[in-house]
Number of protein chains: 2
Amino acid sequence: MNFKESHILILNNVARFIDLTELEKQKYISLLAEVKVKKKAYLMQAGEIAQYEYFIAKGCLKVYTLDEDGAPHISMFAIEDYWTGDMASFMTKEPTRYFIKATEDSELLGISRANYDLLFQEIPKFERFYRKLYQRSLISYIRRSNHGISLDAVERYIAFKKKYPKIVNRITQRDLAAYIGITPEFMSKIISKVNRM
Amino acid sequence: MNFKESHILILNNVARFIDLTELEKQKYISLLAEVKVKKKAYLMQAGEIAQYEYFIAKGCLKVYTLDEDGAPHISMFAIEDYWTGDMASFMTKEPTRYFIKATEDSELLGISRANYDLLFQEIPKFERFYRKLYQRSLISYIRRSNHGISLDAVERYIAFKKKYPKIVNRITQRDLAAYIGITPEFMSKIISKVNRM
DNA sequence: TAAAAGTCTTAAACTAGTTCATTTTTTTTC
DNA sequence: GAAAAAAAATGAACTAGTTTAAGACTTTTA
């Protein structure tokens, strides 16, 4: 059977952890929804209940919350081969506090809550896939939150550029500031300072 | 069969997500090691490779790293019914950067890396258990790191007291400062300020 | 139970990052 | 491709939290 581009990408992603038969592959693909979002459009907005978890086949999105003063705090930039969504809302069916907005035209594959539950019944191997996926996320999450600690803003900026060279050029300085945890004004100062070095 | 206190606790913890037969329970327990740590003793030190993941049956421990200046940053306080360890080191077999130190005499159950792998072979249900455990950790991790954002130190202190009333009284003000992310001196100021309110 | 070690408090001088206001540059839209 | 909107740069005044230092209090240890 011929899979389309985005399906090949997600199957490769899954193949990192589990092997699927041709039939299982087709079954899995049949449980996914194709979603397109134009630049500046929202995939999710605060107050909604997260209906899907997404795999990004193409594009770039930012995941963020707004604090009491209305200032954005970006928790991740999601690009090709990443998973995104709000797992808390997806699992508990409570309203999300996140916005997910495309910063480029993007193509995603989404799994609904119903199909997610079905997946484990139909292909129990996926328990293992998600066990490993969540374990990895947890590790990188813990690493990230621990790494940033005791670094000043300049060091965090340099670390980000080093760790995500592919992302730096695809996002605005403003959004990077909202991710690093400083004001856009201070980000501007940092950049001109670092470039002068 | 009669299980001892700590075994009952861990079986209850597991029962939140999966049902085990009597035989499976015994098999599971047989894969666990009993570990006792006296107050001030280390369960883990930076440089070592994490040999176990631990369940806490009794006591209190702090998990922390030291930054370049030798200042401690506490990432969690672990008490009864919590899991702890360094999952990154446990999985990758790279040396840990963490210290885990008992702040009270403590009793733990540990699973070794070999037995962890064996567990999934012997009782595949545990894929589901860990999938759900990691999912939950991920959710609370994400929530925590997102919640703290844009709160000042006083607000973070108040939030901690509210969220972990059982822990506050069991730890020093110094350790709380190392968790909240401020100096002990500033913590002292905050507390006298909050108490005056 | 005395000494040692660690914790807490207080205060003055300091600094990384914020806030606010204005101008310039870049990107988007029609 | 001109007008509007958003992003970036720059600078001065400000503030939350740090640093350093020293004395008082508490807990641990022998």
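We use all heavy atoms of the structure for the numbers below, so side chains are in, but hydrogens, waters and symmetry mates are not. What you see is a predicted model; the values in this text were computed from it and never measured. Here is the naming used below: chain letters follow the sequence lines, and residue numbers restart at 1 for every chain.
For the pair A/K27 and A/E24, the salt-bridge criterion is not met [side-chain N within less than 4.0 Å of a carboxylate O]. Using a cut-off of 4.0 Å between Lys/Arg side-chain N and Asp/Glu carboxylate O, A/K39 and A/D105 are scored as not salt-bridged.
Between the CZ atom of A/F90 and the CZ atom of A/R113 there is a distance of 6.0 Å, given to the nearest 0.5 Å. Atom OG of A/S137 is separated from atom OH of B/Y141 by 13.0 Å, given to the nearest 0.5 angstrom.
Using bins of under 30°, 30° to 60° and over 60° for the plane-to-plane angle, the ring pair A/Y164/A/Y179 lands in the perpendicular bin.
Under a hydrophobic clustering in which Ile, Leu, Val, Met, Phe, Trp and Tyr are joined whenever their side-chain heavy atoms come within less than 4.5 Å, directly or via other members, B/Y130 and B/M91 fall into the same cluster.
A 4.5 Å side-chain heavy-atom check between B/L119 and B/Y28 finds at least one atom pair inside the cut-off. Residues A/L9 and A/F55 meet the side-chain proximity criterion, which asks for heavy atoms closer than 4.5 Å.
When DNA chain D is scanned in the 5' to 3' direction for atoms under 4.0 Å from non-hydrogen atoms of chain B, the outermost contacting nucleotides are D/dG17 to D/dT28.
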When you compare the protein's N or O atoms with those of nucleotides 6-11 of chain C, which come within less than 3.5 Å of each other, and at what distance?
residue, atom, partner, partner atom, Å
C/dC8, OP1, B/Q173, N, 3.3
C/dC8, OP2, B/R174, N, 3.1
C/dT9, OP2, B/Q173, NE2, 2.5
C/dT9, OP2, B/S188, OG, 2.9
C/dT9, O5', B/S188, OG, 3.4

Below 3.5 Å is the cut-off: list the nitrogen or oxygen pairs between protein and nucleotides 22-26 of chain C, distance only.
none

Apply the test side chain to side chain contact (heavy atoms under 4.5 Å, CB included) to residues B/Q173 and B/I191: give CA-CA distance (whole Å), side-chain angles for both, the deciding distance (0.1 Å), then the verdict. CA-CA 9 Å; B/Q173 207 168 294; B/I191 287 181; 3.4 Å; yes
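The distance from atom CG of B/D152 to atom P of C/dT19 is 12 Å, rounded to the nearest whole Å.
B/Y134 pairs with exactly one of A/K132, A/Q135, A/R136 by the side-chain hydrogen bond (donor to acceptor under 3.5 Å, both in side chains) rule, that one being A/Q135.
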